[in-house]
Amino acid sequence: MPMRTLLFTLLAAACSSAVFAADPVPASDKPPGLPRALDYLVKTSNTWMEDHNCATCHHVTMTIWSLREAASAGISYDTKTLAKTIEWVMSPPVNSTTFPEKREGDRARFSLPAGYLALALAGGDGVPEDWWAKLRNDALTYQKPDGSWELQAGGRPPILTPVTENFTLVAANALAADHTRKPDAKVSAALDKAVAWLSAHPATEETQDHAMRLLLYSRLQREPEAAKKSAAWLREHQKEDGGWPQTPGAPSDAHGTGQAVVALSASGVPAGDPAIQRARAFLTKTQKPDGSWPMGSRPNGPGKGPASKLEPITTTGTAWGALALARTEPRKSAGGEAPQ
């Protein structure tokens with residue numbers, strides 16, 4: 001049976017809470033490090049899938065990415081869980097929120113969950129070609145003439161200032177993931193415009209900015225000088241505790257540390273590098289018994305307070321921590337290379 005047919009044949013079962021039942025072993029009983037983090041991510045994503053019909057850019061999407069990275073490292077958590085979660089994000093109800101048909105006014109912009117989902121699915125099997133076609137069309141449709149992308153109105157802005165830069169980096173990385181698997185002239189032209197826009201807007205002093213630029217340039221194998229600058233910036237801004245903060249003056253956390261490690265690893269820095277080993281030690285030391293890492297929330301704009309609910313940022317931060325640990329594990333699989 002073709003994969004696409006199989007996916008949608010199983011949707012009725014896949015969308016039930018029984019299918020997504022979490023591993024009954026408490027997270028605190030799992031080995032610390034990556035296994036415990038994956039346990040936490042699967043549990044939070046199971047709950048999210050039971051209550052929502054959207055993948056979001058913080059729960060299910062990041063869990064898929066973490067599970068795929070772990071599999072690439074030869075660490076088997078639960079392959080059935082990964083497959084069924086991917087089936088869920090491909091289902092019509094969820095797909096309609098990832099790629100909404102009607103977008104008017106300020107909402108006529110690129111879908112942030114689609115961008116992160118493209119990074120999570122890059123290099124994997126079992127993803128229908130029409131999903132990638134939707135991602136490609138979405139990104140090309142909403143790219144501005146200057147090469148950038150803008151965030152949809154509403155919701156809480158992502159952790160990076162300015163927001164346009166963050167969105168452009170996510171969208172460009174998503175397009176690069178598509179272009180790597182299937183080169184396309186229109187996508188290539190869009191990436192040229194995006195890289196030109198980024199070159200005209202120097203990186204800020206935030207970890208995510210440099211990490212996402214380094215990921216993009218490593219995937220595209222271009223802009224070597226810009227890539228070197230971002231890699232050097234990340235090395236220079238690693239704190240004495242071995243971690244990275246999200247923003248200047250903030251404490252190190254799993255979110256900033258995970259992004260820095262993933263980007264450096266994608267650029268070719270080996271797992272045995274002292275900076276990577278110090279980061280792994282930081283993550284090991286700061287992980288909580290439930291498998292997550294402690295996270296804080298920054299104000300939602302000038303004069304505004306932080307978020308009252310920390311589960312989204314905790315899930316995202318834990319996923320980045322898990323990605324960092326998976327990226328820097330000794331490769332046990334035959335292929336040996338981690339997806340970017």
Side-chain angles (χ1 to χ4, degrees), residues 33-34 37 62 65-66 68-70 72-75 116 119-120 122-123 159-160 165-166 169-170 172-174 176-177 180 195 198 202-248 250-287 293 316-331 335-340:
L34 184 55
M62 296 299 292
W65 195 357
S66 300
R68 288 200 57 242
E69 291 280 359
S72 296
I75 298 172
Y116 276 104
L119 299 180
I159 302 172
L160 186 68
E165 187 164 342
N166 175 79
L169 284 165
V170 173
N173 269 287
T180 298
V195 169
L198 290 168
T204 65
E205 293 294 301
E206 301 200 15
T207 301
Q208 179 166 297
D209 194 341
H210 289 276
M212 294 299 282
R213 286 173 187 255
L214 188 54
L215 277 175
L216 176 64
Y217 300 145
S218 297
R219 188 187 299 277
L220 294 176
Q221 292 294 296
R222 58 186 293 180
E223 303 299 319
E225 291 305 315
K228 287 180 181 179
K229 287 182 179 179
S230 284
W233 187 96
L234 290 172
R235 285 186 176 276
E236 292 169 3
H237 287 77
Q238 186 175 22
K239 297 174 75 73
E240 291 185 2
D241 61 10
W244 278 265
Q246 295 178 49
T247 59
S252 299
D253 62 22
H255 194 292
T257 302
Q259 289 185 323
V261 170
V262 169
L264 289 171
S265 176
S267 72
V269 176
D273 186 275
I276 301 297
Q277 290 301 307
R278 289 176 57 210
R280 286 181 61 89
F282 167 80
L283 291 171
T284 299
K285 181 179 180 180
T286 56
Q287 188 179 32
W293 277 274
T316 305
T318 298
W320 278 112
L323 287 170
L325 293 176
R327 281 264 176 169
T328 55
E329 285 283 336
R331 282 337 196 208
E337 295 297 324
Q340 293 182 3

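- The aromatic rings of W320 and W65 lie perpendicular to each other, with more than 60° between the two planes, well past the 30° mark.
- The nearest pair of heavy atoms linking A120 to R68 is O-NH1, 2.9 Å.
- Atom OG of S230 and atom CD of E225 lie 11.5 Å apart (nearest 0.5 Å).
- In terms of heavy atoms, D241 sits closest to S252 at OD1-OG, 3.0 Å.
- Under the 4.5 Å side-chain criterion, counting only non-hydrogen atoms from C-beta, Y116 is in contact with V170.
- The shortest side-chain heavy-atom distance between R235 and D273 falls under the 4.5 Å cut-off.
- T328 and R280 share a side-chain donor-acceptor pair at under 3.5 Å.
- Between S218 and A266, the shortest heavy-atom contact is CB-O, 3.7 Å.
- Side-chain contact check for E165 versus L169: some heavy-atom pair is nearer than 4.5 Å.
- In this structure, CG in L214 is found 12.5 Å from CD in E223, a value given to the nearest 0.5 Å.
- Looking only at side-chain heavy atoms (C-beta outward), R219 and L119 come within less than 4.5 Å of each other.
- Closest non-hydrogen pair, W244 versus A260, comes out as CD2-CB, 3.4 Å.
- S267 OG to R213 CZ: the interatomic distance, rounded to the nearest 0.5 Å, is 15.5 Å.
- Separating the CD1 atom in I75 from the OG atom in S66 is a distance of 11.5 Å, to the nearest 0.5 Å.
- The main-chain N or O of W293 is found under 3.5 Å from a side-chain atom of T318 such that the two form a donor-acceptor pair.
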Legend entry - Step-by-step side chain to side chain contact (heavy atoms under 4.5 Å, CB included) determination, H237 to E205: CA-CA 9 Å; H237 287 77; E205 293 294 301; 3.6 Å; yes
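- With hydrogens and angles ignored, the 3.5 Å screen pairs a side-chain donor or acceptor of Q238 with a backbone N or O of G242.
- Residue pairs satisfying the side chain to side chain donor-acceptor pair (under 3.5 Å) criterion with at least one member in residues 256-265, sequence neighbours excluded, are listed as follows: Q208-Q259.
- Of all heavy-atom pairs spanning G258 and A324, the tightest one is CA-CB, 3.7 Å.
- For the residue pair Q287 and A37, the shortest heavy atom distance occurs at NE2-N, 3.5 Å.
- Here the side chains of E206 and T247 are in contact, with some heavy-atom distance below 4.5 Å.
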Inset, instruction - Could you check R327 against I276 for side chain to side chain contact (heavy atoms under 4.5 Å, CB included), going step by step and ending with a plain yes or no? - result: CA-CA 10 Å; R327 281 264 176 169; I276 301 297; over 6 Å; no
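- Between D209 and the choices N166, L198, T204, the side-chain contact (heavy atoms from CB on, under 4.5 Å) rule is met once, by T204.
- Here CG of L325 is found 6.0 Å from OG1 of T284. Values are rounded to the nearest 0.5 Å.
- Here the straight-line distance linking atom CD of E329 with atom CG of L34 works out to 6.5 Å at 0.5 Å rounding.
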